[in-house]
A.B. asks: 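Structure in C-alpha cells, see below.
Just so it is clear, the model here is predicted, and its values are computed rather than measured.
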Amino acid sequence: MAELTNSTISGTSALSGLARALVQNSKLRLDQADTLAKAAVAANTSFIEQVLATKTMSARDLATVTAQIFGLPLVDLGSFDPAQLQAGLIDKKLTHNLKIVGLHKRGNKLTVAVSDPTNFQAIDQIKFQTQLLVEPVVAEYDKLIALAESLGQTTEATLNDLVGDDINLDFDDAMAAATTTEAASTPDIDDAPVVRFLQKVLMDAINEGASDIHLEPYEKFYRIRFRVDGVLREIAQPPLAIKDKLASRIKVISRLDISEKRVPQDGRMKLVLSNSRAIDFRVSTLPTLFGEKIVMRILDASQAKLGVESLGYEPAQRDTLMAAIGRPYGMILVTGPTGSGKTVSLYSCLNVLNEPGINISTAEDPAEIQLAGINQVNLNEKAGLTFAMALRSFLRQDPDVLMVGEIRDLETADIAVKAAQTGHLVFSTLHTNDAPTTLTRLMNMGVPGFNIASSVILITAQRLARKLCICKEPFDAPKHAMLEAGFKADDLDGSWRPYRKVGCERCAGSGYKGRTGIYQVMPITEAIQQIILNGGNALDIAAQAAREGVHDLRKSGLQKVKQGVTTLEEVLAVTNE
C-alpha cells in the first residue's frame, strides 16, 4: 500500500467513514478511495459494496482490516445457525434495511454484527429501537447480507409461505351463515390469502398453547404477538397493507360492525376443529393511532374439563377444596390478579358439581367458557343487567349453585352473602393479593363482619407460574439465596436439589413449557370467624391461618421448587413477601 503523504492526509477530508479510515491506515490509496466513493454515490450503493464489486479487496480481507483498524472482534457468521440466534433482538425490517444482525443480548448490552462500524446512524437506530447499549463486532459483508436476508425476509414472502399450506379448519357454519350478507357487501375481506393467513395464525396460537393473540398496527409495520405461558412474544410481521382486511375479516366473523372504527367493540368467534372440539375466541378491538388493535382471548372449554387434579393443588389443599365444594351452602371465593387462572379454577369446581340433579347458574362479564348443563348469563350494564340484578333473578329460578363473575360493589356482595346464608352454594372472585386480605376487603366494602363469618367457608388465592420443560437440569443453588427466599435450614438437608431452566426445541429455548397454579387454600375455621367478629385485620387472620397449617403463596411456591416443577426465580417473580 502507498505511504501516507501530507497531500494524502489533507485529501482524506473529502472522504468519510470507512473510506477515510482505510486511507489513513494505508489500506487504500486516496485516488482509489475517492473513485470508489464517487462510484458508490452514482450507483446508489454503499462504499463496501463498491469495494467488493470492483474486487479492490475481498470480503474477508476487508473485514479483517476493518476489525484491526477499529480494534473490534472479527466474527465468522458462516458458523452461526440462524435458528439458534435469539429471536426478536432487532426489528426484522431494521435487520433487512440496515444490514445489521443482533447476535446476543446480555443484561442491557446487545452484541450486533456490522460490516461498517462507522455507520453511526444505523447503530443509533438500533440503540433507539432496542433501548440497549450496542456493542458492534465486525463480520464479512457477504456473510452478513446472507444472514440478514434469512432473518429479515420480506413480510410479503412470509405471508406467502404461511398461506401456502393447506389448513383443514372450518369456521363455525352457523356463524358463517349469519355473516354472509355482511361479507358479500365487502368482498375484499374474503381474499383467500388473508383468510388462510388468519386461519394459520389461529391454529398456530392453539397449537402453541397461547392464551391471547395480539394484532397491533404501527406507523411503519404491523405485528402479531402470542401470549404463551404468560409471556408475550412476536410471531410475525405481515404486510402493513393487510391490516384493514384482516381486521374486517375478524370483525365480520365476530359479528362486529366493520364500519365502526372509532370506538372499542367486543365480540366472539368460534373455530370448529373437529366434531368433538371447538375453540371460542373473545375478540376485543381498540382504535389506536395507526388502526385497530385486536386482541383475541382463546377460550378452550377443555381446560375446565381437565379436573381439579390438573390445576396444581397440593393433595391437602385439594382435599380441603373438595370438602368445601361438597358443602350444601356457603360462599367459596377465588382471588388473584387478572390472568391468574381464576376462571379456569371456578369452572373446574363447577364442573365437579355439574350433574343432572343440580341447578347451576352463572353471571359473568362476559362468559368466557361455555359448558353444557350450566345456565350462563352475560352481563349487559347498558340494558341494566348487572351482577346484582342477575343474582336477584337467579334466586327466583330455584338454584342450587350460583357463580358471580366478580364481587365489585356492596350491593352484589350483600346479595351473594344472603344467597350463601339461605341454602345456596355461591362461587365468586375478588381482586386481592391473598386470602386473608379478601376478608378485610369485604369488610371495607361494607359487609358486616357477622355476615362474612356466617357465609364464607373457604378462600383460595392463586397465581400461575411457568413449569420447567423436560430439558431442565439440577444445580447447586447458593444456600443463602434459598434461605432468603423462605426455605428453612431443615429443608436444605441435601436430599434434593433445585432445577434450573436450560432451553430446547420443545420449549422454544425458554426453558419453560406450560404453567401450574400456586395456591393458598384457607378454610374459614371457628378461630378465624372469631377474629372477623372481633374486627381483626388481615395480619391477625394470616397469623391464625399459619398456625392452622395454611401455606401462604410463597410457601406453596417453594414446595413447587422442591418438587422440581418450577424455578426459584419464577416463584419469586409471581409471589410477594
A.B. asks: Verify, without hydrogens or angle tests, whether Q520 (side chain) and A435 (backbone) share a donor-acceptor contact under 3.5 angstrom.
C.D. replies: yes
A.B. asks: Contact between I374 and L350 at the side-chain level, heavy atoms closer than 4.5 Å - yes or no?
C.D. replies: yes
A.B. asks: Quick one: does any side-chain atom of T575 pair with a main-chain N or O of L553 as donor and acceptor, under 3.5 Å?
C.D. replies: no
A.B. asks: Can you measure from CG (D280) to NZ (K270) and round to the nearest 0.5 angstrom?
C.D. replies: 5.0 Å
A.B. asks: Between the side chains of Q317 and S556, is a donor N or O closer than 3.5 angstrom to an acceptor N or O?
C.D. replies: yes
A.B. asks: Over all heavy atoms of both residues, which pair between I100 and A122 is shortest? Give the atoms and the distance, please.
C.D. replies: CD1-CB, 3.7 Å
A.B. asks: Looking at T432, I541, I459, which hits side chain to side chain contact (heavy atoms under 4.5 Å, CB included) with T437?
C.D. replies: T432
A.B. asks: OG1/T438 to CG/L333 distance, rounded to the nearest 0.5 angstrom?
C.D. replies: 6.5 Å
A.B. asks: Is the shortest heavy-atom distance from the side chain of I224 to the side chain of F197 under 4.5 Å?
C.D. replies: yes
A.B. asks: Nearest 0.5 angstrom please: M269 CE to R282 CZ, how far?
C.D. replies: 14.0 Å
A.B. asks: Is there a side-chain contact (heavy atoms from CB on, under 4.5 Å) between V308 and Y313? Walk through the geometry before answering.
C.D. replies: CA-CA 8 Å; V308 175; Y313 287 96; 3.9 Å; yes
A.B. asks: Think K243 forms a cation-pi with Y222, using NZ or CZ under 6.0 Å from the six-ring centre and within 45 degrees of its axis?
C.D. replies: no
A.B. asks: Would you confirm whether D540, through its side chain, and N537, through its main-chain N or O, come within 3.5 Å as a donor-acceptor pair?
C.D. replies: yes
A.B. asks: How long is the gap from CG on D229 to NZ on K467, to the nearest 0.5 Å?
C.D. replies: 9.0 Å
A.B. asks: With a 4.5 Å cut-off on side-chain heavy atoms, are P217 and L289 touching?
C.D. replies: no
A.B. asks: Could you tell me whether a side-chain N or O of K293 sits under 3.5 Å from a main-chain N or O of P287, the two making a donor and an acceptor?
C.D. replies: no
A.B. asks: In terms of side-chain geometry, is the basic nitrogen of R233 or E208 positioned less than 4.0 Å from the acidic oxygen of its partner?
C.D. replies: yes
A.B. asks: Is any side-chain heavy atom of L299 closer than 4.5 Å to one of I279?
C.D. replies: no
A.B. asks: If every non-hydrogen atom of A485 is compared with every non-hydrogen atom of L568, which pair is closest and at what distance?
C.D. replies: CB-CD1, 3.6 Å
A.B. asks: Would you say the side chain of I524 lies within less than 4.5 Å of the side chain of Q529, judging by non-hydrogen atoms?
C.D. replies: yes
A.B. asks: Does a side chain donor of either D409 or T412 reach within less than 3.5 Å of an acceptor in the other side chain?
C.D. replies: yes
A.B. asks: Can you check side chain to side chain donor-acceptor pair (under 3.5 Å) on Q563 and E314, steps first, answer last?
C.D. replies: CA-CA 11 Å; Q563 295 166 356; E314 296 300 322; 3.1 Å; yes
A.B. asks: Is there side-chain contact between V352 and Y347, with at least one heavy-atom pair below 4.5 Å?
C.D. replies: no
A.B. asks: Hey, is R497 close enough to D476 for a salt bridge, meaning N to O under 4.0 Å?
C.D. replies: yes
A.B. asks: Rounded to the nearest 0.5 Å, how far does OG1 of T335 lie from NE2 of H431?
C.D. replies: 8.0 Å
A.B. asks: I need the minimum non-hydrogen distance between V138 and P117, along with the two atoms involved.
C.D. replies: CG2-CG, 4.5 Å
A.B. asks: Examine the side chains of T567 and Y512 and answer whether a donor and an acceptor come within less than 3.5 Å of each other.
C.D. replies: yes
A.B. asks: Answer whether the closest heavy-atom distance between the side chains of C469 and K501 falls below 4.5 Å.
C.D. replies: no
A.B. asks: Verify, without hydrogens or angle tests, whether K127 (side chain) and L133 (backbone) share a donor-acceptor contact under 3.5 angstrom.
C.D. replies: no
A.B. asks: To the nearest 0.5 Å, what is the distance between OG1 (T285) and CD (E292)?
C.D. replies: 5.0 Å
A.B. asks: Distance only, no hydrogens: is a donor on one side chain within 3.5 Å (strictly under) of an acceptor on the other, for S345 and Q462?
C.D. replies: yes
A.B. asks: For the pair Q376 (side chain) and L371 (backbone), establish whether a donor and an acceptor sit closer than 3.5 Å, ignoring hydrogens and angles.
C.D. replies: yes
A.B. asks: Any chance you could lay out the side-chain contact (heavy atoms from CB on, under 4.5 Å) test for F281 and D212, step after step, and finish with the verdict?
C.D. replies: CA-CA 9 Å; F281 294 80; D212 300 87; over 6 Å; no
A.B. asks: Please indicate whether R327 has more than 12 foreign heavy atoms, meaning atoms of other residues, nucleotides or ligands, lying under 6.0 Å from its CZ.
C.D. replies: no
A.B. asks: Between T525 and E548, is there a side-chain donor-acceptor contact under 3.5 Å, judged purely by atom types and distance?
C.D. replies: yes
A.B. asks: So does R408 pair up with D365, basic N to acidic O under 4.0 Å?
C.D. replies: yes
A.B. asks: After noting the C-alpha distance and the side-chain angles of R106 and H104, does the key distance pass the side-chain contact (heavy atoms from CB on, under 4.5 Å) rule?
C.D. replies: CA-CA 7 Å; R106 176 171 291 174; H104 180 67; 3.8 Å; yes
A.B. asks: Over all heavy atoms of both residues, which pair between L215 and M296 is shortest? Give the atoms and the distance, please.
C.D. replies: CD1-CE, 3.6 Å
A.B. asks: Would a distance-only check, ignoring hydrogens and angles, find a side-chain to backbone donor-acceptor pair under 3.5 Å from D491 to K488?
C.D. replies: yes
A.B. asks: Given side chains that start at C-beta, do those of L240 and R223 come closer than 4.5 Å, heavy atoms only?
C.D. replies: no
A.B. asks: Do the side-chain N and O atoms of R463 and S340 include a donor-acceptor pair separated by under 3.5 angstrom?
C.D. replies: no
A.B. asks: Is a salt bridge present between E234 and R225, judged by a nitrogen-to-oxygen distance below 4.0 Å?
C.D. replies: no
A.B. asks: Where do L321 and C349 come nearest, in terms of heavy atoms and distance?
C.D. replies: CD2-SG, 4.1 Å
A.B. asks: Considering non-hydrogen atoms only, spot the tightest contact between I298 and A205 and give its length.
C.D. replies: CD1-CB, 3.8 Å
A.B. asks: For the pair F487 and W496, name the ring-plane relationship: parallel under 30°, tilted 30 to 60°, perpendicular over 60°.
C.D. replies: tilted
A.B. asks: In this structure, which one of L103, L72, V114, V112 forms a side chain to side chain contact (heavy atoms under 4.5 Å, CB included) with V137?
C.D. replies: L103
A.B. asks: Between F290 and Y218, is the ring centre distance below 6.0 Å?
C.D. replies: no
A.B. asks: Test your reading of the model: is there a side-chain donor-acceptor pair from T566 to the backbone of R466, 3.5 Å cut-off?
C.D. replies: yes
A.B. asks: For M522 and I528: C-alpha separation, side-chain torsions, deciding distance, then whether side-chain contact (heavy atoms from CB on, under 4.5 Å) applies.
C.D. replies: CA-CA 10 Å; M522 187 179 79; I528 293 178; 4.2 Å; yes
